[in-house]
Amino acid sequence: MDVALKKYLGKSARAARVHNGFTQAEVAQRAELAVAVYGRIERGEMMPSIPTVQRLCRVLEVDANTLLGFSSPTPPAWFTSPPPKERPAVNELLRTARRMKPRQLRALRSVAQAMLTTNSSTSRQPTPPMQDARC
């Protein structure tokens with residue numbers, strides 16, 4: 001998303017600059033930026049800070065919604081839906097796993113793989129007895 005957002009913002013800034021008849025140097029000077037920095041923003045190589053976006057909006061005479069693409073009826077091209085939220089049990093397992101030592105994580109992984117293998121086998125096969133996993 002970051003790359004697409006930078007490209008979108010840069011394209012919007014360039015369009016607003018051209019629309020207003022400004023050069024990159026003029027916009028950079030009025031927004032208190034180095035010309036090279038503004039050029040990087042327009043090329044989508046750099047994401048400006050919020051205060052810089054505010055100054056660019058003022059200089060380019062556009063609002064932030066236009067610059068970022070939120071004023072269109074459809075989501076901006078750079079926007080992707082956030083990943084679906086994990087189930088609470090998965091989050092709890094992840095929190096627990098993050099506190100484990102490498103040896104404990106290997107044991108947990110082995111148990112999880114064994115459980116998956118058991119689930120994918122036919123239900124007629126007996127489940128092998130658990131061995132003591134010392135960590």
Side-chain angles (χ1 to χ4, degrees):
M1 175 168 73
D2 287 346
V3 172
L5 173 55
K6 288 188 283 190
K7 295 281 185 192
Y8 190 93
L9 187 139
K11 186 177 176 180
S12 297
R14 182 179 191 282
R17 176 180 62 79
V18 170
H19 175 77
N20 288 316
F22 297 141
T23 65
Q24 283 188 346
E26 289 172 327
V27 172
Q29 180 185 15
R30 292 175 186 187
E32 302 171 9
L33 297 170
V35 177
V37 170
Y38 181 72
R40 289 178 59 205
I41 291 170
E42 268 198 15
R43 289 190 301 276
E45 297 171 357
M46 181 178 169
M47 186 66 195
S49 66
I50 298 298
T52 300
V53 170
Q54 288 176 320
R55 290 194 312 269
L56 288 173
C57 288
R58 182 179 34 82
V59 170
L60 296 170
E61 300 173 4
V62 296
D63 66 9
N65 287 328
T66 300
L67 202 59
L68 296 171
F70 290 124
S71 58
S72 66
T74 58
W78 59 264
F79 184 77
T80 57
S81 298
K85 291 192 175 203
E86 294 289 342
R87 296 185 309 250
V90 173
N91 286 331
E92 185 178 346
L93 178 61
L94 288 172
R95 282 192 300 273
T96 302
R98 286 185 186 107
R99 294 191 318 261
M100 292 179 165
K101 295 178 181 171
R103 190 171 176 188
Q104 292 171 315
L105 283 172
R106 285 192 299 273
L108 178 62
R109 182 173 170 231
S110 295
V111 169
Q113 286 176 333
M115 291 172 73
L116 289 174
T117 303
T118 301
N119 284 343
S120 65
S121 301
T122 60
S123 58
R124 293 184 204 160
Q125 293 181 349
T127 305
M130 295 242 342
Q131 294 180 343
D132 185 18
R134 299 178 192 252
C135 298

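We're numbering straight along the sequence, starting at 1.
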Between [atom1] on residue [X] and [atom2] on residue [Y], distance to nearest 0.5 Å:
X: Glu42; Y: Arg17; atom1: CD; atom2: CZ; value: 4.0 Å
X: Arg98; Y: Leu94; atom1: CZ; atom2: CG; value: 5.0 Å
X: Tyr38; Y: Arg14; atom1: OH; atom2: CZ; value: 9.0 Å
X: Phe22; Y: Glu61; atom1: CZ; atom2: CD; value: 5.5 Å

Heavy-atom count around Glu26 CD within 6.0 Å, excluding the residue itself: above 12?
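More than 12 within 6.0 Å, yes.
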
Take a 6.0 Å sphere around CD of Glu92 and say whether it holds more than 12 heavy atoms from other residues, nucleotides or ligands.
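Atom CD in Glu92 is not crowded, with 12 or fewer foreign heavy atoms closer than 6.0 Å.
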
Pick one: which of Leu67, Leu56, Val62 meets side chain to side chain contact (heavy atoms under 4.5 Å, CB included) with Ser12?
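Among Leu67, Leu56, Val62, the one that satisfies the side chain to side chain contact (heavy atoms under 4.5 Å, CB included) with Ser12 is Leu67.
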
Flag side-chain contact, heavy atom, 4.5 Å: [X] against [Y]:
X: Arg106; Y: Ser110; value: no
X: Leu9; Y: Pro48; value: yes
X: Leu33; Y: Ile41; value: yes

I'd like to know if the side chain of Asn65 reaches the main chain of Phe70, judged simply by a donor and an acceptor atom lying under 3.5 Å from each other, with no hydrogens or angles considered.
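It does not hold such a pair.
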
How would you list, by chain and number, every residue that makes a side chain to side chain donor-acceptor pair (under 3.5 Å) with Asp63, sequence neighbours excluded?
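With neighbours one apart ignored, the set is Thr66.
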
So, for [X] and [Y], which heavy atoms are closest and what is the spacing to 0.1 Å?
X: Lys6; Y: Met47; result: CD-N, 3.5 Å
X: Gln104; Y: Lys101; result: OE1-N, 2.8 Å
X: Lys7; Y: Arg43; result: NZ-O, 3.3 Å

Hydrophobic cluster of Met100, others only, ordered by chain and residue number, side-chain cut-off 4.5 Å
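The other cluster members (ILVMFWY side chains, heavy atoms under 4.5 Å, direct or chained) are Leu93, Leu105, Leu108.
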
